[in-house]
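Notes follow once the structure below has been shown.
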Amino acid sequence: MTFPSAIKTIDRRSGKLTLVSPAVPQATLVQPWATRPDVGSPAGYGGRPCLITPASVTAVMVDATGQWLPLLAEFTDERRMPWKKFDLPSTFTENAQGGARDEVGLRLHFEKGASKPIRVILEGGLPRRVHLLNENIQSIAADHIEPTHWQHASDIAEALYDQHIDLIHHLYDHAADDPDMFFDGAAGGVAAWPLSTILEDWRGAAMRDEPRLAFVVKLADTLGALLQEVALVPRKQLTRERRYQQAGRVNEIDATCLRWLARQPGYTVAEKAGAKQQALGIDRVEHADTLENRIVRELVSQLIESCERYLGENAAEPQHPRVHAVTEFKRILDRIWAQSPLRKLAPLVGIPHPNYVLQRDPRYRPLWKAYVMLLKQNLQRHEAWRWRHRLWAEAVSIAMLASLSQLAPGSAATRSSVLLRTEQQAGRFIDERTSLGRWELTTGEANADGLAPGRRVHYVDQHQFAEYRTACPSFPDQLAKLCPDFALVSYDSDRPDKPPRRILAVWTVFDFDLDGDHLLARCKEIDQSVRMIRSQGELHGVLVQPKLRHDGDRDVMNETKSVRCSAYRLALPLQSQLSVFDRLVKDLVEMPASETSTA
């Protein structure tokens with residue numbers, strides 16, 4: 001599952017959008033990690049989609065969502081022409097089998113307020129799993145669909161960001177309750193937690209022997225009886241409607257009714273009523289088609305989908321109390337969907353402003369709050385799906401930090417504050433203002449004076465490369481052009497002012513390789529590009545992508561190596577693969593493989 005035609009280049013003179021395929025090496029094209037472009041820019045990195053524009057483009061916006069594309073790098077080619085590289089979202093449509101293909105509208109912004117629209121085609125990406133909830137189905141019959149590798153990969157992707165979003169919300173909500181913790185609240189949308197606390201919660205998020213405490217589990221414990229009461233006996237209201245009635249029973253008319261009566265032939269009311277003796281009048285009708293009931297209908301629809309997703313995720317543990325509670329909750333929802341008169345209401349369009357009933361009524365107010373929270377989470381899930389490759393990069397970076405904290409638990413970095421956003425920014429929840437301290441590790445080796453000097457390790461995120469280059473001129477500038485997601489830089493503890501001993505650059509690709517095994521090819525491409533970079537310290541690359549485990553497959557990891565690069569395909573959750581990251585850190589600081597944890 002690569003993106004063979006997802007890498008685009010815009011000609012600076014004609015403005016024409018052209019395709020640069022990393023899968024077809026030609027004389028006029030370059031490989032995904034090349035540092036000497038022949039067309040004016042690197043073609044991409046790791047099969048992830050990116051957009052190459054002239055340097056005159058100041059920003060790029062997605063028309064559908066209003067989001068700004070993250071800027072990955074600025075560089076010049078061999079002809080001294082400046083370019084910019086922007087990160088593109090991933091495919092987002094649903095499909096039962098095969099890859100997804102989407103067309104995204106972008107708007108290029110230039111200096112002095114000028115802009116220009118373009119269209120970008122993303123194809124070959126991972127499709128979302130097909131959901132069967134609609135008007136004609138009383139209960140979702142997803143089990144009747146034969147699962148495919150594409151759907152299995154889609155389920156793994158959704159489980160990954162569900163766990164990640166739940167972790168961020170848990171930390172954010174508890175920061176608001178902690179009086180000793182700095183918290184910006186709704187004004188800034190940012191909560192601060194020590195890195196050690198975040199890593200502790202992250203390790204326990206997938207290592208616990210029970211299903212996760214998702215939002216739908218909390219709703220199953222509180223909303224079952226209330227939803228039944230409201231949906232089966234909804235609040236109704238009287239409305240005034242014009243209807244044809246028996247002439248003798250008309251009690252109220254308006255100007256429209258008078259005009260209708262005046263147009264009828266005859267002199268008396270009986271003559272104008274005609275043979276049926278009916279006249280147009282105002283009638284009071286009781287109905288449930290109100291805003292609050294439409295909200296309840298939409299809430300039931302969203303909850304059924306959330307229950308199906310949670311039960312599918314925990315199908316192996318049907319007897320667990322949480323899974324059992326969600327199962328019973330779904331039975332209530334199915335009964336409501338089949339019997340409630342609210343099912344016949346028109347679907348809700350947009351996000352309405354709450355009326356008095358939703359704000360004050362004791363029955364509808366909890367349902368409105370649940371609907372808003374569920375809608376917020378679903379919107380985050382949709383955005384996380386579009387930017388799943390960036391969320392995967394954040395998850396891998398947390399796994400690497402977890403490994404560093406195990407090998408150097410007393411380092412200053414574990415006490416650094418990490419700023420967490422309640423709203424993601426292009427798939428990232430960790431705020432860019434977060435800055436981590438250094439890690440102090442010992443190699444475990446001995447010399448004549450005792451223990452050999454240890455290593456000082458710096459974690460540098462992608463957006464920090466330019467600032468880090470200014471502070472540490474020995475950091476290779478060409479590495480930033482290849483757009484690794486983050487890098488680990490190792491120095492001698494007794495000579496921190498000297499050039500780094502080793503640099504480990506990490507690329508992440510959220511690709512299950514369903515159309516073929518591309519791990520070795522990508523590893524060789526990174527190896528070839530890393531060799532072209534001049535660095536005062538040893539420079540190595542690492543590629544990490546997820547693994548799709550088939551029935552009977554006991555392998556939790558695929559590994560391949562070249563001279564300057566190692567590539568891994570890891571089974572999820574990443575918490576179970578910390579030994580791989582431990583090995584990478586030990587190789588970085590030249591620690592013996594038998595060494596376990598040293599501060």
Side-chain angles (χ1 to χ4, degrees), residues 3 6-8 10 17 44 48-53 57-72 84-95 99-110 113-129 131 154 157-158 160-162 164-165 168-169 172 186 188-190 298 302 305-306 347-353 371-395 420-432 462-463 483 485 510:
F3 298 86
I7 313 302
K8 279 71 180 182
I10 300 178
L17 186 68
R48 282 168 50 173
C50 67
L51 180 71
I52 310 300
T53 68
V57 176
T58 57
V60 183
M61 176 184 287
V62 182
D63 289 340
T65 61
Q67 285 185 322
W68 300 99
L69 295 185
L71 177 63
L72 297 176
K84 290 182 179 179
K85 180 188 293 187
F86 293 89
D87 209 351
L88 281 174
S90 301
T91 51
F92 50 87
T93 56
E94 292 184 346
N95 191 9
R101 183 182 188 275
D102 295 299
E103 186 174 350
V104 181
L106 304 177
R107 181 166 293 274
L108 307 180
H109 290 262
F110 302 88
S115 63
K116 180 180 180 180
I118 62 171
R119 308 295 295 181
V120 176
I121 297 176
L122 306 174
E123 58 184 0
L126 183 66
R128 298 197 73 174
R129 183 178 178 91
H131 298 288
S154 176
E158 292 196 355
L160 169 70
Y161 62 67
D162 277 343
H164 198 76
I165 291 175
I168 298 299
H169 285 174
Y172 189 89
V190 175
E298 189 68 19
Q302 296 286 344
E305 183 177 339
S306 298
L348 187 67
V349 178
I351 304 176
H353 185 75
Y371 172 74
V372 172
M373 291 299 299
L374 192 63
L375 182 64
K376 181 179 178 180
Q377 287 203 1
N378 287 339
L379 290 175
Q380 285 193 346
R381 293 180 69 256
H382 292 319
E383 287 301 315
W385 183 264
R386 289 175 180 265
W387 295 100
R388 56 188 177 272
H389 54 278
R390 289 174 59 84
L391 191 143
W392 167 247
E394 185 171 278
L420 299 176
R421 292 178 174 271
T422 183
E423 299 287 346
Q424 62 179 324
Q425 187 174 17
R428 294 293 186 98
F429 286 92
I430 298 179
D431 194 277
E432 291 188 354
Q462 184 184 77
H463 65 275
C483 301
D485 292 290
F510 199 74

At their closest point, which heavy atom of [X] faces which heavy atom of [Y], and how far apart are they?
{"X": "R107", "Y": "H109", "answer": "O-CD2, 3.4 Å"}
{"X": "Q67", "Y": "A426", "answer": "NE2-N, 4.0 Å"}
{"X": "F429", "Y": "T422", "answer": "CE2-O, 4.2 Å"}
{"X": "A395", "Y": "L160", "answer": "CB-CD1, 4.5 Å"}
{"X": "R421", "Y": "V190", "answer": "CG-CG2, 4.4 Å"}
{"X": "F86", "Y": "L69", "answer": "CD2-O, 3.7 Å"}

If you round to the nearest 0.5 Å, how far is [atom2] of [Y] from [atom1] of [X]?
{"X": "K85", "Y": "L51", "atom1": "NZ", "atom2": "CG", "answer": "11.0 Å"}
{"X": "Q425", "Y": "W68", "atom1": "CD", "atom2": "CH2", "answer": "12.5 Å"}
{"X": "R386", "Y": "Q424", "atom1": "CZ", "atom2": "CD", "answer": "11.0 Å"}
{"X": "Q377", "Y": "R381", "atom1": "CD", "atom2": "CZ", "answer": "9.0 Å"}
{"X": "N378", "Y": "E383", "atom1": "CG", "atom2": "CD", "answer": "12.0 Å"}
{"X": "D102", "Y": "T91", "atom1": "CG", "atom2": "OG1", "answer": "5.5 Å"}

Less than 4.5 Å apart, any side-chain heavy atom of [X] and any of [Y]?
{"X": "W387", "Y": "P70", "value": "yes"}
{"X": "R101", "Y": "I121", "value": "yes"}
{"X": "L122", "Y": "L88", "value": "yes"}

Q: Indicate yes or no for a side-chain donor-acceptor contact from E394 to the backbone of I430 under 3.5 Å, with no hydrogens or angles considered.
A: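 Answer holds: yes.
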Q. Is the backbone of E432 close enough, under 3.5 Å, to the side chain of H463 for a donor and an acceptor to pair up by distance?
A. yes
Q) Could you walk me through whether L375 and E298 pass the side-chain contact (heavy atoms from CB on, under 4.5 Å) check? A) CA-CA 10 Å; L375 182 64; E298 189 68 19; over 6 Å; no
Q: List the steps and the verdict of side-chain contact (heavy atoms from CB on, under 4.5 Å) for L72 and Q462.
A: CA-CA 8 Å; L72 297 176; Q462 184 184 77; 3.1 Å; yes
**Q.** Parallel, tilted or perpendicular: rings of W385 and Y161 (30°, 60°)
**A.** perpendicular
Q.
Does V57 form a side-chain contact (heavy atoms from CB on, under 4.5 Å) with F110? I'd like the steps, not just the answer.
A. CA-CA 5 Å; V57 176; F110 302 88; 3.4 Å; yes
